[in-house]
Amino acid sequence: MVFSINNMFSKNKKSGDIAKDRLKILLISDRTNCSPEIIQMIKKDIMYVVSKYIDIDKDKCIIDIEKSKKPYIFANIPIKEVKYK
Amino acid sequence: MSEVMVVTSGKGGVGKTTMSANLGAALARQKKKVVVVDTDIGLRNLDVVMGLENQIVYNLVDIIEGTCRVRQALIKDPRFDDLYLIPSAQTRDKSAVTPEQMRMLTDELRMEYDYIILDCPAGIEQGFRNAIAGADRALVVTTPEVSAIRDADRIVGLLEKECIKPVNLIINRIRPELVETGDMMSVEDVMDILGVDIIGAVPDDVEIVIATNKGIPLDENSIPGQAIKNISLRIQGEEIPMMNFSKDKGFFKKIFKMSNKRAQGDFNGI
């Protein structure tokens, strides 16, 4: 159930899917008592902290709040390959 | 064994009252002894949906205040052997009743009825607290709209906190043609997002408008009537596959599974 805010309102999306995406974000912020803005800030901070120590691929990071029974933070942060000489 | 069910939603106007009335009728058709209680004090509506508005003498608040006995306030639906209504009070407000008093009333009703259906007011304030006080289980009605589902999620959380189990979802006012074109969330979408067991889905249908206008129960052979009958059977623990309302190529060609249970057969087999 990973979703990204970026592709939420793309033009050719059906309104049913737009409703679904809006709802997912709403429910996550309701359930965690935490606004979408704060979720964005958490993402940024996590990326910042990790990148202090290792070189990560910031464009391919997926950090989201997901839910199964209870909500949890899911992070998939690809590490850039280190090329040895 | 009797069961007290609260029909609730959070958001108003999603069809709680219509659902309560027709679920009561569906259960009564199956020879169950049923009483539906309008707990929306100050905004009495269930009597009108059931067409019993001219027969009210006493109401819920009268029972609770001891002005009358339970028996005196009960209105029998003449169309069924064992369907009764306890109407709400129109000129009082929610503070006239406490959760403890509601629990006492439902316990008294348990002695005589198989199913006690409580039609809950919208909102999460005292009226809601009163309605859920005596309930064993909850049916949360929602429509496939963002606002209604969000409220349903909130209600589910509150019901879980009160240890009411099971909590089942009814998705009302589905418009199959819009689901098909992608302009309405489907039953599966809602189930996926909310993570609550769905006990039934009811299509938006002109039959409901007509029945409500007339103050009569839905014809059990109409599509929404069938859908509500299925819910009433699932309430009794039967495993009935979900109806598919899609209108293309024969009305009930495709029946989809509610869970991973067997789900073969045609409409007549449901």
Side-chain angles (χ1 to χ4, degrees), chain A residues 1-47 50 57-78, chain B residues 9-11 14 123-124 140-161 163 165-169 171-198 201 203-204 244-247 259:
Chain A
M1 225 215 250
V2 180
F3 60 93
S4 140
I5 293 176
N6 304 332
N7 62 24
M8 234 184 82
F9 298 109
S10 72
K11 272 203 179 136
N12 41 20
K13 230 175 174 183
K14 284 292 186 180
S15 72
D17 288 325
I18 295 172
K20 214 169 133 180
D21 289 340
R22 290 177 60 213
L23 188 61
K24 281 181 185 171
I25 291 171
L26 253 181
L27 291 191
I28 283 166
S29 44
D30 280 358
R31 285 169 181 175
T32 54
N33 210 358
C34 163
S35 71
E37 290 74 38
I38 290 179
I39 293 171
Q40 281 301 322
M41 280 155 70
I42 293 173
K43 284 185 188 183
K44 261 193 181 161
D45 286 359
I46 290 176
M47 291 208 310
V50 177
D57 192 345
K58 284 192 179 164
D59 298 331
K60 289 186 182 148
C61 283
I62 301 167
I63 302 170
D64 261 308
I65 296 184
E66 288 190 33
K67 90 163 236 301
S68 51
K69 202 77 190 163
K70 291 224 163 100
Y72 61 94
I73 296 174
F74 171 89
N76 187 338
I77 305 173
Chain B
S9 72
K11 189 176 178 296
V14 295
I124 52 172
V140 178
V141 183
T142 187
T143 60
E145 289 159 313
V146 179
S147 53
I149 297 169
R150 181 196 201 182
D151 288 359
D153 186 66
R154 184 82 204 281
I155 289 289
V156 170
L158 292 171
L159 291 167
E160 280 172 356
K161 230 186 229 169
C163 298
K165 253 192 243 172
V167 174
N168 299 113
L169 203 68
I171 306 176
N172 199 15
R173 306 232 174 95
I174 300 235
R175 292 177 62 183
E177 74 281 9
L178 292 186
V179 174
E180 235 153 76
T181 56
D183 284 320
M184 182 175 268
M185 282 184 273
S186 67
V187 174
E188 291 89 340
D189 288 340
V190 179
M191 190 150 52
D192 183 34
I193 294 171
L194 277 182
V196 177
D197 288 333
I198 293 187
D204 195 16
N244 187 350
F245 312 117
S246 70
K247 286 184 177 168
S259 51

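A, B, ... follow the sequence lines: proteins, then strands. Residue 1 opens every chain.
Here the side chain of N172(B) pairs a donor or acceptor atom with the backbone of V14(B) at under 3.5 angstrom. Distance alone, capped at 3.5 Å, is enough to place a donor-acceptor pair between the K14(A) side chain and the T181(B) backbone.
Remark: K60(A) pairs with D57(A), P78(A) by the side chain to side chain contact (heavy atoms under 4.5 Å, CB included) rule, at least two apart or across chains.
For D183(B), the parts sitting under 4.5 Å from any heavy atom of chain A are the backbone and the side chain alike.
Looking only at heavy-atom pairs under 4.5 Å with chain A, the residue among M184(B), M185(B), R150(B) that has the most is R150(B). Heavy-atom pairs under 4.5 Å with chain A were tallied for V179(B), L178(B), D189(B); the largest tally goes to D189(B).
Ion pairing between a basic and an acidic side chain is recognised when a charged N comes within 4.0 Å of a carboxylate O; D30(A) and R154(B) show no such pairing.
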